[in-house]
Amino acid sequence: MVTRRDILKSAGAGTLALGLSSQPVFAAAEKAVKMEALMPPPKGNRVVVCGGGWAGLTVAKYLRRENPNIQVVLIEQRPNFFSCPISNPWLADLVNLDFIQYDYIQPALKYGYTFMNDKVIAIERDKKRVYTTRGYIEYNYLVLTPGIRYNYAPWFGDNKELIRLTKMNYPPAYIPGSEHIALKRKINEFEEGDFVVTVPPGAYRCPPAPYERVCMIAEVFKRNKVKGRVILLEPKDDIAPKGPGFRAAYDQVYLGIVEVVTKASIKEIDPVKKVIKTTAGDFKFTDANIIPPQQAGELVWMADLIAKDKEGKPTGWADQDPLTFQAKADPHVFFAGDVISPALGVTYPKSGHQANSQGKIVAKVIASRIAGKEIKPGSLMPENVCYSMVNGTPQEAIVINVNYEYNEKENKITPRPRTTNDRSEALAKATYEWARAMYRDMFS
Ligand SMILES: Cc1cc2nc3c(=O)[nH]c(=O)nc-3n(C[C@H](O)[C@H](O)[C@H](O)COP(=O)(O)OP(=O)(O)OC[C@H]3O[C@@H](n4cnc5c(N)ncnc54)[C@H](O)[C@@H]3O)c2cc1C
């Protein structure tokens, strides 16, 4: 667990390394990590939700719906919400920014929770306290919904300079913010050559998103009559999910623009010479969207609630009860969204729809517990729907729907996927209807 003391210690260590007196920095850090309570101690039940993305917004709203007496505080570091879903069509100007950007004030006022625009910097589970840059808040229940963090270590080890150069020059645009805007500018300004998109190894946010992004970049190149190719470097044996649907789009809509290279695990990246060495050969690129491996967001590490493998090494993802999403090590902490680990034989896709669906379950489980009741494990299961835009003119999409069944006897979860790989304009319309419904659910 990262505590306030650890933060102060690391601030001091930094100063000593510079050969300066540690005193001023300790004083500055003391000031930065205030001990002031941001709210009086909870009178009734207070749930603090850390991370206002797809999962956190849903937990906050549905907790208040379940029981308006629960005091809910949502802490989010960003001033406004930018949606990763539909950000790929936005890259190709199929929607405008208003469609994917929302304010945090309206839902907080409407559903009666407190929105705090602040960064969580420490968690003390023994004291049931969350520290932000401005002070601390006490909780009865804590929900950690920070999404993902990038993990360049499998590619670069601890080489911070290589990581910095790669991230800055080839932003992943997998966490909302400046990176998406930078990527949009890059693809619109691209004149000629090879634009590489990498698919991360291991579990990562929205498995089909890199393939959809390739279509949308190719759409911009086609529209701008760019003499260039989009090269997709896929570490797996083939692209999946929705592989046939994406393949058909690459071969029919973007023929000659998109090239897929499979079994291309990255061995080395030289961000200066612009070369990626893979198990399928070396690729020199003009520009790139380098999407790195991923892990659960920082807050789960801070709370010391990362799952461990058989050898005791961190898996990178939260250690949750597979059916209630409660932290295995702490009955007062819950997770939802991209942070969670595979469960009972199934790897839930890290998607906005899943995060929303899990958020509703977590809200019910916590509200029931507060009411002194327990929900039957497995009676509430998440679901997933994921559309991908594979053509911009006319707009056409493909889709996968997945339901999950829990078998109590075998203690196993079985996914039931249904994929439509035949792209259509009707599915493009359904994509936007889905997104509108999700934004309505979280914001209005
Ligand atoms: C390009 C792309 C396309 C996608 N398309 C789809 C799609 O079509 N359909 C779909 O269902 N999913 C899609 N996804 C996946 C979807 O975006 C994620 O699965 C979803 O955002 C996960 O929700 P979350 O709440 O776990 O994380 P997030 O939505 O990322 O929310 C986490 C929040 O926590 C905040 N946070 C983190 N640390 C702190 C801290 N210390 N203090 C305060 N706040 C903090 C972050 O700022 C962030 O707002 C796509 C993703 C990408 C990248």
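Positions are given from 1, in the same order as the sequence printed here. Each ligand, and each atom within it, is numbered from 1 in the order the structure gives. Note that this is a predicted model, so its numbers are computed, not measured.
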(request) Identify the residue among R205, K350, R149 that makes a salt bridge (charged side-chain N to carboxylate O under 4.0 Å, His left out) with D338. (result)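 The residue from R205, K350, R149 that satisfies salt bridge (charged side-chain N to carboxylate O under 4.0 Å, His left out) with D338 turns out to be R205.
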(request) Report yes or no: do E179 and Y174 form a side-chain donor-acceptor pair below 3.5 Å? (result)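 Per modelled atom types, E179 and Y174 side chains form no pair under 3.5 Å.
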(request) Inspect the contact between D238 and K236 and indicate whether a charged nitrogen and a carboxylate oxygen are less than 4.0 angstrom apart. (result)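 A salt bridge is absent here (no side-chain N lies under 4.0 Å from a carboxylate O).
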(request) Select all protein residues for which some heavy-atom-to-ligand 1 distance is less than 4.0 Å, and list them by chain and number. (result)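 Contacting ligand 1 under 4.0 Å are G51, G52, G53, W54, A55, I75, E76, Q77, R78, C84, P85, S87, N88, D118, K119, V120, T145, P146, G147, Y174, R205, C206, A209, R213, L299, G337, D338, K350, S351, G352, H353, A355, Y387, W434.
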(request) Find out whether the Lys NZ or Arg CZ of R65 is both under 6.0 angstrom from the six-membered ring centre of Y62 and within 45° of the ring's axis. (result)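 Flagged: R65 positioned over aromatic ring of Y62.
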(request) May I ask you to check if R129 and Y136 form a cation-pi contact, with NZ or CZ under 6.0 angstrom from the six-membered ring centre and within 45° of the axis? (result)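 Output yes; distance and angle both within limits.
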(message) Set out, in order, the CA-CA distance, both residues' side-chain angles and the distance that settles side-chain hydrogen bond (donor to acceptor under 3.5 Å, both in side chains) for T262 and D237, then state yes or no.
(response) CA-CA 6 Å; T262 55; D237 289 352; over 6 Å; no
